[in-house]
Amino acid sequence: MPWFGMDIGGTLTKLVYFEPKDTTETEERDELETLKVIRHYLVGNQAYGKTGLRDVHLEMKDQSIGGRRGSLHFIRFPTSEMNAFLELCKAKNFNSLVSAICATGGGAYKFEGDFLEKVGLTLHKFDELDCLIKGIHYIDRNNPCECYYWRNPGNAEESIKVPFDFRDPYPYLVVNIGSGVSVLAVRGPKDYRRVSGTSLGGGTFFGLCCLLTGCETFEDAIELASRGDNRTVDKLVKDIYGGDYTRFHLSGDTVASSFGHMNNKEKRENTSKEDLARATLTTLTNNIGSIARMCAVTEKIEHIVFVGNFLRVNTISMKLLASAMEFWSNGGMKALFLEHEGYFGAMGCLMEYVGSSRSFSFSST
Ligand SMILES: Nc1ncnc2c1ncn2[C@@H]1O[C@H](COP(=O)(O)OP(=O)(O)OP(=O)(O)O)[C@@H](O)[C@H]1O
Ligand SMILES: CC(C)(CO)[C@@H](O)C(=O)NCCC(=O)O
């Protein structure tokens with residue numbers, strides 16, 4: 001049967017598919033037609049329908065999983081398209097192959113009934129944060145250069161990505177920026193606590209940006225932000241002090257009040273969509289950075305790993321987070337990032353499948 005891990009999030013559904021490459025001639029001859037169709041469909045395409053996508057650049061080749069060698073493929077689609085996905089499962093005759101699949105994320109609970117009623121599939125549910133940690137550990141150990149940090153994050157021309165050796169990671173903080181944000185303190189492979197969270201997350205950025213600029217996609221929102229200047233929207237320390245607030249080491253360029261200029265009609269009229277997008281991105285990023293730093297101080301942790309699809313195509317936020325962590329901790333804390341950003345939950349779910357497939361009934365009905 002096909003090996004999947006599925007993470008059904010509040011905004012995006014992530015699918016990790018393991019494609020075995022070590023099949024023998026006999027296995028190939030005996031492979032069920034349905035299985036062949038599914039494999040060819042997933043691996044032969046980069047786009048599925050109007051909104052499904054395979055992140056080809058993230059594919060991990062020559063992986064050893066559950067005693068097999070093969071490739072890991074990373075696929076995503078908006079959770080709002082779940083009905084279309086269920087239709088596809090039906091059309092591809094998925095339930096003739098398996099009676100159950102592994103799923104995590106809130107949607108594993110929300111859509112459990114739909115999977116059963118519409119496609120005849122039982123969902124084996126796994127906790128999203130357990131899966132997240134498992135997925136981080138698997139991918140980090142099996143993908144060279146997965147973990148990196150930004151050198152000179154505050155300097156646009158000189159900032160560069162530098163690989164970070166994450167082989168001895170504990171303790172570390174995970175800040176998972178999805179629709180909302182969860183903060184976890186991780187002290188061992190199975191030893192972690194959810195220490196904080198905030199509803200002001202990636203969903204807030206995207207939602208507010210749609211409202212304020214009329215943009216329709218996350219990529220457009222980020223593109224607008226990249227051309228904008230938040231200083232026409234935000235009130236800075238120097239707008240209040242005329243310069244730095246020296247006594248407490250607040251530079252004049254620090255944002256004193258996010259969107260603080262927008263009560264002024266003239267300033268509102270002189271601001272652009274690009275500036276509003278940039279201010280929205282800056283506001284959300286700074287707030288998440290501030291919560292992350294406070295959690296790191298409370299937990300006495302120096303390494304903060306930022307993950308989640310909010311960071312997709314979003315170097316602005318990564319560099320802001322990296323600068324903020326460095327600055328506010330006087331260089332004591334380090335912001336780390338991972339190449340597979342939002343796929344760790346789905347990856348961990350696939351690992352759960354591999355680990356538990358002997359004890360569940362996954363056979364076809
Ligand atoms: N193509 C995209 N479409 C929508 N949002 C995107 C896209 N790419 C990146 N994002 C950002 O990623 C966020 C979703 O991230 P992620 O997939 O990690 O979370 P989720 O699992 O959907 O949410 P949660 O874990 O809170 O249930 C969105 O809120 C948005 O900020
Ligand atoms: C509800 C979850 C865990 C779903 O992934 C996530 O969106 C989140 O952590 N939201 C923040 C909730 C809070 O702690 O305020």
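We count ligands from 1, going down the list as the structure has it; atoms in each ligand are counted the same way.
A heavy-atom distance below 4.5 Å is not found between the side chains of M82 and D114. Residues K235 and I240 have side chains in contact (heavy-atom distance under 4.5 Å, counting atoms from C-beta outward).
With salt bridges taken as basic N to acidic carboxylate O contacts below 4.0 Å, none links R278 and E274. For the pair E299 and R187, the salt-bridge criterion is met [side-chain N within less than 4.0 Å of a carboxylate O]. Ion pairing of E302 with K334 is absent here, as no side-chain N (NZ or NE/NH1/NH2) approaches a carboxylate O to less than 4.0 Å.
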How far apart are the C-alpha atoms of Y138 and Q63, what are their side-chain angles, what is the distance that settles it, and do they pass the side-chain hydrogen bond (donor to acceptor under 3.5 Å, both in side chains) test?
CA-CA 11 Å; Y138 176 84; Q63 297 295 302; 2.6 Å; yes
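Considering only non-hydrogen protein atoms, atom 11 (C) of ligand 2 sits nearest to T198 O, 3.3 Å.
Among the atoms of F310, some N or O lies under 3.5 angstrom from an N or O of ligand 1. Geometrically, ligand 1 and F205 share no nitrogen or oxygen pair separated by less than 3.5 Å. Taking any N or O of S179, backbone or side chain, at least one lies under 3.5 Å from an N or O belonging to ligand 1. Considering backbone and side-chain N/O of N176, none are found under 3.5 Å from N/O of ligand 1.
Residue E341 does not touch ligand 1, judged by heavy-atom distances below 4.0 Å.
Listed by atom number, the atoms of ligand 2 under 4.0 Å from R194 heavy atoms are 8 (C), 9 (O), 11 (C), 12 (C), 13 (C), 14 (O). Heavy-atom proximity to G308, at under 4.0 Å, picks out these atoms of ligand 1: 18 (O). Atom numbering of ligand 2 starts at 1 in the shown order; those under 4.0 Å from a heavy atom of S199 are 15 (O). If you number the atoms of ligand 2 from 1 as listed, the ones under 4.0 Å from a heavy atom of E128 come out as 3 (C), 4 (C), 5 (O). Heavy-atom contacts of R76 reach the following atoms of ligand 1: 1 (N) (cutoff under 4.0 Å).
Within the 4.0 Å heavy-atom shell around ligand 1 one finds G180.
Taking all heavy atoms of S80, G10, G203 into account, the minimum distance to atom 27 (O) of ligand 1 is reached by G10. Here the shortest heavy-atom distance to atom 10 (N) of ligand 2, taken over G201, G180, G308, belongs to G180.
Judged by a 6.0 Å distance limit and a 45° cone about the ring axis, K161 is positioned over the six-membered ring of Y148.
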